[in-house]
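Have a look at the structure below before the remarks.
The figures here come from the full heavy-atom set of this structure, side chains too, leaving out hydrogens, waters and symmetry mates. In what follows, chains carry the letters A, B, and so on, assigned in the order in which the sequence lines appear, proteins first and then strands, with residues in each chain numbered from 1.
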2 protein chains.
Amino acid sequence: MIYNDFKKIVNISKEEISGQILEQNRDSIKIKKEKRAIENLIRIIDATLAICSKKSFQAMSIRDLSAESGMSRGALYSYFTSKEELLVLIQAQGREIANRVLCDQIAHGNGPAEKLRLGIKSHIYLSEAMQTWFYFTYIEARNLPKDEQKRAIESELQTEKIFIDIINEGIQEKVFRDENVVLAASVIKAMLQDWYLKRWKYQNRKVSVDDYADFVINVVESTLLIK
Amino acid sequence: MIYNDFKKIVNISKEEISGQILEQNRDSIKIKKEKRAIENLIRIIDATLAICSKKSFQAMSIRDLSAESGMSRGALYSYFTSKEELLVLIQAQGREIANRVLCDQIAHGNGPAEKLRLGIKSHIYLSEAMQTWFYFTYIEARNLPKDEQKRAIESELQTEKIFIDIINEGIQEKVFRDENVVLAASVIKAMLQDWYLKRWKYQNRKVSVDDYADFVINVVESTLLIK
DNA sequence: CAATAAAAAACGGACGTTCGTCTTTTTTCT
DNA sequence: AGAAAAAAGACGAACGTCCGTTTTTTATTG
């Protein structure tokens with residue numbers, strides 16, 4: 001599996017994502033023409049992610065968003081009903097696609113050892129291709145309304161569950177050591193998240209996405225694999 | 001080393017921290033009587049951390065802080081000159097004490113293997129005792145002014161440097177495998193940070209601070225130790 | 001294919017609110 | 001009483017949002 005494959009998946013999905021957003025929010029989005037709506041949703045989301053890689057969503061004003069996206073404040077409010085709804089919209093869709101792509105990828109693996117490697121690689125690749133999106137989803141989750149926060153937590157736990165299941169499978173098949181499964185999945189998740197949370201660090205040090213993925217796999221296999 | 005030792009260190013340090021803040025900001029703090037100033041600085045900082053464990057510093061208004069601390073808005077401005085300065089003040093002091101305690105602890109270790117274990121345990125214990133503080137420092141770093149942001153990054157890298165040095169020492173002494181040192185230190189840091197960033201998760205699962213520390217040590221030693 | 005009418009979308013000024021901060025008044029303490 | 005600290009209130013700036021108007025796009029007509 002090569003990283004470039006992933007980039008393609010994500011780029012192709014960009015319109016698809018906005019299309020999904022449009023579908024799921026047909027009532028609150030006032031624009032009739034689908035093509036126009038999708039185009040501008042992409043502009044709005046790109047602008048939001050660009051701004052929020054530099055400052056927090058709270059700190060971003062609708063005026064900032066207007067300037068960055070090149071749309072007027074009034075026009076923006078044809079695409080969402082409130083600033084908070086914009087946050088929810090981006091987060092929900094980000095979680096959705098991340099989870100879907102990850103599940104798709106892992107399904108291709110044969111046996112727990114390969115699935116584990118595939119899960120780690122897929123997640124790191126995906127977070128590389130959608131870095132601003134992942135960063136935004138993580139860092140702004142606390143600004144979500146309570147009910148949406150719950151959904152974010154569930155999503156986080158579900159991703160972890162994927163790894164828990166793989167590790168359990170490996171223990172049953174006697175290819176993995178009988179370690180604390182939940183903790184193992186937790187620290188795997190921690191290492192995966194570091195890649196998109198500390199992108200500046202790895203970029204400065206010229207650590208490639210493959211270097212990092214291989215190293216994480218090495219650490220995990222050292223801990224789990226029976227030699 | 002027991003966790004309770006750490007709690008004591010931190011609690012004793014609480015007044016000391018505020019004392020340091022007072023010293024270093026004598027010109028911008030308008031209160032003359034030292035005892036009074038220290039008492040209220042503690043109140044202010046505690047209130048800030050309490051509020052910011054639920055919402056962002058940006059979202060916290062001075063009115064919120066006034067209500068939580070039981071001091072008037074006017075009184076608050078006798079202790080700092082601007083909201084931003086309050087943020088800088090807490091962050092800077094938090095970094096200072098964290099770094100100092102960590103260095104103190106590691107100095108007690110003999111040889112790289114023990115130093116590594118000690119470094120991991122110390123960091124996790126410390127972040128447990130000062131959880132809100134660590135969380136705040138991490139999550140609000142991006143809202144700092146540019147120059148202070150640089151200092152935060154330097155501090156992060158310095159903590160990592162501590163682990164880099166230990167691992168290098170271990171490789172030279174042939175007790176550690178010759179892995180990518182920088183990446184090893186990075187993922188260690190990632191696992192350490194997860195403890196205070198995902199406290200809710202570990203609390204729900206009733207994972208104790210010792211369970212977690214031991215597991216991280218296990219993972220790291222599996223990767224690095226020569227058997 | 002123009003010319004015109006209708007619909008859709010974008011615009012940007014204005015409103016009410018909330019914010020950080022400053023000034024003035026009141027209280028507290030020695 | 002007088003200095004020090006706290007409280008109360010005022011102020012302007014900036015915010016999210018709304019809405020009347022203008023511009024752009026699409027549809028209709030001769």
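Side-chain nitrogen and oxygen atoms of B:N40 include none within less than 4.0 Å of the OP1 or OP2 phosphate oxygen of D:dA5. OP1 or OP2 of C:dA10 sits under 4.0 Å from a side-chain N or O of A:Y79. In this model, the phosphate group of C:dA10 is not approached by any side-chain N or O of A:S72 to a distance below 4.0 Å at OP1 or OP2.
In this model, a donor atom of one side chain and an acceptor atom of the other lie less than 3.5 Å apart for A:K198 and B:Q193. Looking at A:D5 and A:Y125, their side chains never bring a donor and an acceptor atom within 3.5 Å of each other. Between the side chains of B:Y202 and B:D194, a donor-acceptor pair is found at a separation under 3.5 Å. Counted by atom type alone, A:Q20 and A:Q93 present one or more donor-acceptor pairs between their side chains at under 3.5 Å.
The local environment of CD in A:Q149 is crowded, with over 12 non-hydrogen atoms from other residues, nucleotides or ligands closer than 6.0 Å. Within a 6.0 Å radius of NZ in B:K30, more than 12 heavy atoms belonging to other residues, nucleotides or ligands are found.
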Is there any protein nitrogen or oxygen under 3.5 Å from a nitrogen or oxygen in nucleotides 16-22 of chain C, and what are the pairs?
| unit_1 | atom_1 | unit_2 | atom_2 | d |
| --- | --- | --- | --- | --- |
| C:dG20 | OP1 | B:M60 | O | 3.4 |
| C:dG20 | OP1 | B:K83 | NZ | 2.9 |
| C:dG20 | OP2 | B:I62 | N | 2.7 |
| C:dG20 | N7 | B:R63 | NH1 | 2.9 |
| C:dG20 | O6 | B:R63 | NH2 | 3.0 |
| C:dT21 | OP2 | B:Y77 | OH | 2.2 |
| C:dT21 | OP2 | B:K83 | N | 2.8 |
| C:dT21 | O5' | B:Y77 | OH | 3.2 |
| C:dT21 | O4 | B:R73 | NE | 3.1 |

For nucleotides 20-23 of chain D, tabulate all protein N/O to nucleotide N/O atom pairs closer than 3.5 Å, reporting atom names and distance.
none

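Rounded to a whole Å, the NZ atom of A:K35 is 15 Å from the C1' atom of C:dA8. Rounding to whole angstrom units, CG of residue A:L76 and P of D:dC19 are separated by 17 Å. Taking atom CE of A:M71 as the reference point, atom P of D:dT17 lies 16 Å away to the nearest angstrom. Taking atom CZ of residue A:R36 and atom P of nucleotide C:dA7, one finds them 18 Å apart after rounding to whole Å. When rounded to the nearest whole Å, the span between CD of B:E34 and C1' of D:dA5 equals 17 Å.
Taking both residues in full, the closest heavy atoms of A:I31 and A:K33 are given as CG2-O, 3.4 Å, listed atom of the first, atom of the second, then distance.
Screening B:E85, B:E84, B:K83 for a side chain to side chain donor-acceptor pair (under 3.5 Å) with B:T81, the sole residue that qualifies is B:E85.
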